[in-house]
Amino acid sequence: MNHMALKEAKYILLIVLLFTLAGFVIYWPIGLFGVGVLLFVLYFFRDPQREIPQEAGIIVSAADGKVVRVDETEEIYFSNKPMKRVAVFLSVFDVHINRTPYESKLIDNHHHAGEFLDARDPQCDIKNEAFNWLFQTDRGNIVVRQIAGLIARRICPWKTPGATMERGEQFGMIKFGSRTDVFLPLDCEICVKEGDRVKGGESIIARFPDKE
């Protein structure tokens, strides 16, 4: 668990720990249940080591999970133009730390208040609570949208505009089930399909065209 993930988890861990200790005092099966919850919280906030591919022009997934949508759609928060999109659904069992898809400079980010529909709902990308990130690369801009879900109620940004980011660098997380959408320039070649499993910072989801 990295220090940022630990910071996000500390209050939850404290509450569960107190519940567990009280459970053992009151009735030991409650305490055992608390131990199970404590282990799950530690598992949820895990931060496994990732091998970031270094091949020129490749774009990596911003999140762990299942690819639920690959399409072209209008990106409405920064560019207001069509972009290619790769949407990844994160279950409560996936790593929830988000990573930068490509070496870039963080130009802007903003919070969008909204609802908490299930992250698999077709309307969640428009209606749900979200945090939007604009990354400027030497090949064009990339937008990442962290979308809260039915269970996920907090998006945690770790970077501020002006930061220079490496490919695969951590920039935030979403707590407990969610979706992460990556919007790419139309000339990118998509390398995944719906149903694929991906790992943040490690799985290649797209490529920029070769430089002339």
Side-chain angles (χ1 to χ4, degrees), residues 59-90 94 96-163 165 167 169-196 198 200-201 203 205-209:
I59 301 164
V60 297
S61 179
D64 287 39
K66 181 181 179 181
V67 178
V68 293
R69 188 170 298 177
V70 177
D71 60 7
E72 292 184 13
T73 187
E74 185 175 8
E75 194 287 301
I76 61 175
Y77 291 101
F78 296 114
S79 65
N80 292 310
K81 64 181 183 181
M83 300 184 77
K84 289 185 176 178
R85 173 174 60 178
V86 176
V88 173
F89 171 74
L90 299 79
D94 289 308
H96 274 57
I97 294 172
N98 291 134
R99 295 174 178 267
T100 310
Y102 196 79
E103 53 268 27
S104 54
K105 182 177 182 180
L106 176 57
I107 300 299
D108 195 7
N109 60 11
H110 75 80
H111 171 254
H112 166 69
E115 302 178 31
F116 294 95
L117 302 175
D118 188 287
R120 290 162 292 193
D121 190 295
Q123 295 295 311
C124 78
D125 57 319
I126 299 173
K127 294 185 176 181
N128 275 25
E129 187 95 2
F131 210 95
N132 302 284
W133 302 77
L134 176 62
F135 296 99
Q136 182 184 63
T137 83
D138 61 353
R139 308 285 190 95
N141 290 344
I142 293 175
V143 175
V144 177
R145 182 172 301 151
Q146 297 171 294
I147 304 170
L150 182 65
I151 301 174
R153 296 289 169 139
R154 188 179 175 200
I155 300 172
C156 309
W158 296 344
K159 298 290 184 178
T160 55
M165 309 284 292
R167 181 190 300 163
E169 186 174 343
Q170 299 175 355
F171 66 85
M173 74 178 301
I174 319 174
K175 292 183 179 179
F176 301 112
S178 48
R179 199 174 106 180
T180 301
D181 291 5
V182 177
F183 294 82
L184 303 166
L186 292 178
D187 59 357
C188 288
E189 174 193 356
I190 302 299
C191 302
V192 292
K193 63 183 183 302
E194 293 182 12
D196 286 350
V198 292
S203 299
I205 62 169
R207 298 177 185 272
F208 282 113

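The distance from the CZ atom of R69 to the CD atom of E194 is 7.5 Å, given to the nearest 0.5 Å. Once rounded to the nearest 0.5 Å, the distance linking CG of N109 with CG of L134 reads 9.5 Å. For the atom pair M173 CE and W158 CH2, the distance stands at 5.5 Å (nearest 0.5 Å). We find the CD1-CD distance between I142 and E103 to be 9.0 Å, quoted to the nearest 0.5 Å. Put simply, CG on N141 and OG on S79 are 8.0 Å apart, with the number rounded to the nearest 0.5 Å. A distance of 10.5 Å separates CH2 of W133 from CG of D108, quoted to the nearest 0.5 Å.
Partner F131 forms a side chain to side chain contact (heavy atoms under 4.5 Å, CB included) with one of I174, I147, V144, I155 and no other, that one being I155. When the options N98, T100, I97 are evaluated for a side chain to side chain contact (heavy atoms under 4.5 Å, CB included) with Q170, the one that passes is I97.
The closest donor-acceptor contact from the side chain of K84 to the backbone of L186 lies under 3.5 Å. Looking at R139, its side chain never comes within 3.5 Å of a backbone N or O of R207 through a donor-acceptor pair. Between the side chain of K159 and the backbone N or O of L106 there is no donor-acceptor pair closer than 3.5 Å.
Shortest non-hydrogen contact noted between G201 and V60 is CA-CG2, 3.8 Å. Annotation for R179 and A87: closest pair NE-CB, 3.7 Å, computed over non-hydrogen atoms. The two residues E75 and R145 have their closest heavy-atom pair at OE2-NH2, 3.4 Å. Here the closest non-hydrogen pair linking V70 and V192 is CG2-O, 4.1 Å. Of all non-hydrogen atoms in Y102 and I59, the two that sit nearest each other are CD1-CG1, 4.1 Å. Residues F89 and V68 approach most closely at CB-CG1, 3.6 Å, considering heavy atoms.
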>> Walk me through whether E129 and H111 qualify under side-chain contact (heavy atoms from CB on, under 4.5 Å).
In response: CA-CA 8 Å; E129 187 95 2; H111 171 254; 2.3 Å; yes
> Going through the checks in order, is the side-chain contact (heavy atoms from CB on, under 4.5 Å) test met by Q146 and S178?
Replying inline: CA-CA 8 Å; Q146 297 171 294; S178 48; over 6 Å; no
> side-chain contact (heavy atoms from CB on, under 4.5 Å) between F208 and T137: does it pass, once the steps are laid out?
Replying inline: CA-CA 11 Å; F208 282 113; T137 83; 3.9 Å; yes
>> Run S61 and V88 through side-chain contact (heavy atoms from CB on, under 4.5 Å) and show every step you take.
In response: CA-CA 9 Å; S61 179; V88 173; 4.2 Å; yes
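Side-chain rings of F171 and F135 approach one another, their centers coming within less than 6.0 Å.
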